[in-house]
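Every number for a ligand or one of its atoms is a count from 1 in the order of the listing.
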Amino acid sequence: MAYSAPKGANDLLPDAMYVWTRAIQEAAGVFGRFGYQMVETPIFEQTEVFTRGIGEATDVVGKEMFTVRSGEMYRRALEAGSDAPLKADQKLSLRPEGTAGWVRAAVQHNVVEPGAAPSKVFYAGPMFRAENVQKGRLRQFHQIGAECLGATDPTADAELIIMLMLYFRNMGIPMDKTTLLINSMGDEACRPAYREKVRQFILDHADQMCPECQRRAQTNPLRAFDCKNPDCAKVMENAPRITDHLCPECQDHYAKVKSYLDAMGVPYVEDPTLVRGLDYYTRTVFEVQTSFGLGSQSALGGGGRYDKLVETVGGRPTPGLGFALGFERMMLVLDQANAIPIRPSSTDFFIACVDDSVRDTAFSMLTLMRQAGVSAEMDHQGRSLKSQLKLANKLGANRVVFLGPDELAQGKVKVRNMATHAEALCDLDSARRILEQFGGRTVGAATGRLSADTLFAQ
Ligand code: AMP
């Protein structure tokens with residue numbers, strides 16, 4: 001019986017893995033210039049990190065989390081018919097997003113000392129949500145996210161947004177086909193009264209809205225703005241807008257974020273219905289959307305400010321903000337734009353054996369080359385010379401070194417440049433000496449990587 005990957009989970013084969021690695025390298029480059037350092041947190045956390053941090057009433061936590069148990073805990077919970085006998089640290093979940101886990105780590109390791117400069121980090125890795133699988137909506141997907149803790153100023157919000165847009169541009173996303181949406185969600189001074197207004201609005205229109213939105217009125221009224229039901233969407237068009245209910249401080253913060261984006265010529269669209277799915281946002285929220293290649297999904301990435309989250313998970317009051325972008329959705333857009341980076345050949349040399357008698361020499365040359373820092377490959381299946389050359393072509397080898405018994409008897413090898421087809425007879429011993437020097441096998445060995453071009457230059 002042959003198995004398939006679980007529904008909504010993809011294998012990353014070498015071509016896709018190359019793009020994922022490039023995506024991380026680009027993040028390290030761009031985000032690094034903004035002062036962000038890479039971190040990694042566990043793929044699973046205590047469930048409470050997510051229920052308290054992200055909020056039980058969110059879809060991500062309420063409906064989409066994968067819980068994990070050690071075998072023993074699973075057995076205990078099964079026997080008891082519930083989770084009750086498990087302690088908090090025995091209830092674990094796969095991370096549905098990266099912010100809650102990073103905030104847990106930042107509190108645990110006291111990453112933001114009072115009075116210190118903000119902590120800026122980024123991460124890249126798989127996230128897990130038990131969603132209905134469709135194009136651009138997976139159960140295991142990859143995010144690159146950035147988090148800044150300790151910064152109150154609207155310059156930090158603008159910086160983060162500019163960083164995200166620059167990243168997308170550098171990755172080759174067609175920027176003329178994307179829209180940056182922004183909004184302010186208010187803070188603890190103005191949002192509770194606004195939530196109440198939206199709740200009342202939903203209750204007043206309950207007969208025209210879906211049961212889910214009626215439930216949301218009690219748990220998370222702002223989520224009704226995201227309801228896909230056309231009747232609900234029509235009703236919500238007339239719902240009170242947060243931007244009409246912001247307190248003066250939030251109004252001022254929002255105005256400054258916009259003025260920094262304006263000053264830097266970053267186009268955006270204000271969307272007072274943009275609430276994003278998670279509970280922890282305060283003030284600035286943003287989302288980068290495109291319909292290009294994404295089908296019914298539109299969000300490429302998004303984030304916002306979360307000034308209360310650190311306190312919620314037990315830390316000192318610390319302002320925070322961040323974003324996450326989805327790798328698979330980025331791939332769909334790049335594919336549509338014909339802009340997926342192509343994995344380059346990584347083979348400097350292919351060593352071809354004219355007959356079996358030279359295999360020992362071929363293997364030792366191969367290993368010396370790799371130790372000296374040049375990439376090399378040979379045939380491991382006893383193929384004919386013709387098939388070895390086919391393989392060299394397939395690998396995109398830059399040069400083929402022919403080892404033949406006649407040439408070897410004179411201490412020579414034939415080297416063919418595969419681009420120009422030029423061939424030269426080269427001295428094997430001097431090549432070996434260079435390789436041994438770069439590979440650290442001789443006293444006073446050279447350090448660094450041997451340039452493949454210089455190896456058979458003689
Ligand atoms: P969120 O954490 O929901 O704000 O998502 C941030 C980004 O992650 C989105 O803009 C998407 O690009 C990506 N994303 C979220 N959920 C999924 C999913 N189920 N499948 C693929 N990508 C996703």
Discussion item. Tell me whether ligand 1 is touched by Arg137 - counting only heavy atoms on the residue side and a distance under 4.0 Å.
Written reply: yes
Fill in: Ring geometry between Tyr194 and His245 (parallel below 30°, tilted from 30 to 60°, perpendicular above 60°)
tilted
Worksheet item: Within 45° of the axis and under 6.0 Å from the centre of the six-membered ring of Phe122, does NZ or CZ of Lys120 qualify?
Response: no
Discussion item. What protein heavy atom lies closest to atom 20 (N) of ligand 1? Include the residue and the distance to one decimal.
Written reply: Leu138 N, 2.8 Å
Discussion item. For a quick test of reading the model, state the closest non-hydrogen atom pair linking Ala352 to Val400 and the distance between them.
Written reply: CB-CG1, 3.9 Å
Worksheet entry | Ligand-side contact atoms (ligand 1) for residue partner Ala299, heavy atom cut-off under 4.0 Å | 9 (C), 10 (O), 11 (C), 12 (O)
Worksheet item: Using a distance-only test with no angle check, is there a side-chain donor-acceptor pair under 3.5 angstrom linking Gln46 and Glu48?
Response: no
Worksheet entry | Under 3.5 Å: N/O of Leu325 near N/O of ligand 1 | no
Fill in: Enumerated ligand 1 atoms positioned under 4.0 Å from heavy atoms of Ala324
6 (C), 7 (C)
Worksheet entry | Protein heavy atom at shortest distance from atom 12 (O) of ligand 1 | Leu300 O, 3.0 Å
Worksheet item: Going by the angle between their ring planes, with limits at 30° and 60°, are Phe31 and Phe323 parallel, tilted or perpendicular?
Response: perpendicular
Worksheet item: Do the side chain of Thr47 and the main chain of Lys91 share a donor and acceptor less than 3.5 angstrom apart?
Response: yes
Discussion item. Which residue and atom name correspond to the protein heavy atom nearest atom 11 (C) of ligand 1, and how close is it?
Written reply: Arg329 NH1, 3.4 Å
Response to the item:
A student comparing Gly303, Gly301, Ala130, Gly98 should find that the heavy atom closest to atom 10 (O) of ligand 1 comes from Gly301
Worksheet entry | Arg276, Glu97, Gln134, Arg129: member with heavy atom nearest to atom 3 (O) of ligand 1 | Arg129
Worksheet item: Side chain of Arg276, backbone of Glu287: donor and acceptor closer than 3.5 Å?
Response: no
Item to complete: Report the nearest protein non-hydrogen atom to atom 13 (C) of ligand 1: residue, atom name, distance rounded to 0.1 Å.
Response: Gly326 CA, 3.6 Å
Discussion item. I'd like to know whether Asp453 forms a side-chain hydrogen bond (donor to acceptor under 3.5 Å, both in side chains) with Ser451, so could you lay out the CA-CA distance, the side-chain angles of the two residues, the decisive distance to 0.1 Å, and finally the verdict.
Written reply: CA-CA 5 Å; Asp453 286 340; Ser451 153; 4.6 Å; no
Item to complete: Say whether, by atom type as modelled, one donor and one acceptor occur between the side chain of Gln214 and the main chain of Met209 under 3.5 angstrom.
Response: yes
Worksheet item: Closer than 4.0 angstrom: is that true for some heavy atom of Met127 and an atom of ligand 1?
Response: no
Worksheet item: Donor-acceptor pair, Arg139 side chain versus Lys7 backbone, under 3.5 Å?
Response: no
Discussion item. Check this for me - ligand 1, Phe141, N or O atoms closer than 3.5 angstrom, yes or no?
Written reply: no
Worksheet item: Tell me, which protein residue and heavy-atom name are nearest atom 21 (C) of ligand 1, and how many Å apart are they?
Response: Gly136 O, 3.3 Å
Response to the item:
Residue, atom and distance of the protein heavy atom nearest atom 8 (O) of ligand 1 read Gln143 NE2, 3.0 Å
Worksheet item: For atom 19 (N) of ligand 1, which protein heavy atom lies nearest, and how many Å away is it?
Response: Glu131 OE2, 2.6 Å
